[in-house]
Amino acid sequence: MDWGMKNRLSKIIRPETGRTVMLAVDHGYFLGPTTGLQSPGKTVEPLIPYADTLMLTRGVLRSCVDAATNIPIVLRVSGGTSILGNLADEGTTVSMKDALRLNVAGVALSIFVGSELERKTLLALADLVNEAEEFGVPVLAVTAVGKDMVRDARYLGLACRIAAELGAHLVKTYYCDDFEKVVRNCPVPVVIAGGKKIPEKEAIELSYNAVTRGAVGVDMGRNIFQSDNPVSMIRTVREIVHKDLKPAQAWDMFTTLAHENKEKAFA
Ligand code: R5P
């Protein structure tokens, strides 16, 4: 692996712990004005100090994030569909040249294993890896799941392994029963998405279970920015990811912080 690739990867996965807290705020690329992200700049600003990377689209990066902000960016470079259409029918939306101009630490693209467009999305991943390798840019493959797909270890394990085989440097998937198997069978680091908003206590347990069962961290969005206490939430998730804080202590930490900070939910 060349120096540039290693250097960028070390900006995503912290070398001190081998873990990462990625803050995902790319949802608008197919969901439009997602709850909590109506003003993405306002939402992310207080969260950035506690995130290792920010995952978002080119448009939101350019228009809502101060260029002087010193946070590594993982840029979503796939899209072209909306919640109203066929989500699997994505294409690549950002050139590598523009991603480099935006000084990204990595690029992210979704694959839709099991969909009728599986081949197209997998070949798009392979193409992106080919191009990214040329410039030393890590690729995060996002294992997207359709509404009718079971999020079990067999399916997620299949999707993660294929992403790794095609050259992804990092894979994002969902937590599931037998998650250790998914990680064991995937030769590159795995992070978990948080999924739909669930109570904070459950999201804390989810984060703990994921990292203690082999994930290198989280790429979490809604369970942070849709919390009534997003800063308290990301600070707590950070302690879990980087210090293996146990769920009971993490819950104490969250409730204490939330009480002290009296945060306002983002409108
Ligand atoms: C979905 O495809 C997006 O890439 C999100 O970044 C991802 O799902 C993580 O966000 P959340 O934790 O809200 O699921």
Side-chain angles (χ1 to χ4, degrees), residues 12 20-38 40 43-44 47 50-61 72-83 85-94 104-113 115 117 121 124-125 128 139-147 149 151 156 159-160 163 168 170-176 190-200 202-211 215-227 230 233-234 236-238 240-241 266:
I12 301 174
T20 182
V21 175
M22 304 177 69
L23 176 62
V25 291
D26 59 327
H27 304 62
Y29 93 93
F30 72 98
L31 286 173
T34 313
T35 304
L37 290 180
Q38 291 90 338
T43 300
V44 299
L47 303 176
Y50 307 104
D52 294 312
T53 76
L54 194 55
M55 182 195 178
L56 75 181
T57 58
R58 167 170 64 184
V60 167
L61 177 63
I73 299 298
V74 174
L75 193 72
R76 173 169 281 281
V77 299
S78 69
T81 58
S82 85
I83 192 71
N86 180 353
L87 286 180
D89 201 8
E90 287 192 350
T92 303
T93 53
V94 184
V104 300
V107 289
L109 168 143
S110 291
I111 56 171
F112 293 80
V113 173
S115 79
L117 291 162
T121 63
L125 171 62
L128 184 66
V139 174
L140 167 68
V142 177
T143 65
V145 287
K147 279 181 198 138
M149 283 172 188
R151 295 183 189 186
L156 296 175
C160 288
L170 184 65
V171 175
K172 168 158 89 160
T173 194
Y174 292 91
Y175 184 73
C176 60
V190 174
V191 290
I192 60 144
K196 282 191 182 147
K197 174 78 177 69
I198 50 178
E200 281 82 355
E202 289 172 31
I204 281 171
E205 276 160 18
L206 176 81
S207 307
Y208 180 81
N209 289 339
V211 293
V216 299
V218 298
D219 185 11
M220 190 174 270
R222 289 163 288 181
N223 279 293
I224 292 172
F225 64 72
Q226 289 180 351
S227 169
M233 192 58 188
I234 194 169
T236 305
V237 169
R238 186 166 187 82
I240 297 168
V241 168
F266 297 105

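Every number for a ligand or one of its atoms is a count from 1 in the order of the listing. All residue numbers in this chain count up from 1 along the given sequence.
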Considering the heavy atoms of Arg222, write down every atom of ligand 1 situated less than 4.0 Å from one of them.
-> 11 (P), 12 (O), 13 (O), 14 (O)
Looking at Tyr50, is Arg238 sitting on its ring face, NZ or CZ under 6.0 Å from the six-membered ring centre and within 45 degrees of the normal?
-> no
With only distance considered, is Gly195 within less than 3.5 Å of ligand 1 through an N or O on each side?
-> yes
What is the nearest protein non-hydrogen atom to atom 4 (O) of ligand 1, stated with its residue, atom name and distance?
-> Asp26 OD2, 2.7 Å
Atom 9 (C) of ligand 1 has as its nearest protein heavy atom Lys172 NZ, 3.1 Å
Look at the side chain of Thr143 and the backbone N and O of Lys172, then say whether any donor-acceptor pair between them is shorter than 3.5 Å.
-> yes
Backbone N/O of Ser110 and side chain of Ser78: donor-acceptor pair under 3.5 Å | yes
Atom 2 (O) of ligand 1: which protein heavy atom is closest, and how many Å away?
-> Arg76 NH2, 3.6 Å
Does Arg222 reach the main-chain N or O of Thr34 with its side chain, forming a donor-acceptor pair under 3.5 Å?
-> no
Enumerated ligand 1 atoms positioned under 4.0 Å from heavy atoms of Met220 | 12 (O)
Near Ala24, which atoms of ligand 1 are under 4.0 Å from a heavy atom of that residue?
-> 6 (O), 9 (C), 10 (O)
With no hydrogens and no angle check, is any side-chain donor or acceptor of Asp219 less than 3.5 Å from a backbone partner on Ala193?
-> no
Rounding to 0.5 Å, atoms CD1 (Ile83) and CG (Leu31) come to a distance of 5.0 Å
Atom 10 (O) of ligand 1: the protein heavy-atom neighbour that sits closest, reported with distance to 0.1 Å = His27 NE2, 3.0 Å
Where the side chain of Gln38 meets the backbone of Gly36, is there a donor-acceptor pair that is under 3.5 Å apart?
-> yes
Flag Gly194 as yes when one of its N or O atoms lies below 3.5 Å from any N or O atom of ligand 1, and as no otherwise.
-> yes
Part of Asp219 with heavy atoms under 4.0 Å of ligand 1, whether side chain, backbone, both or neither | backbone
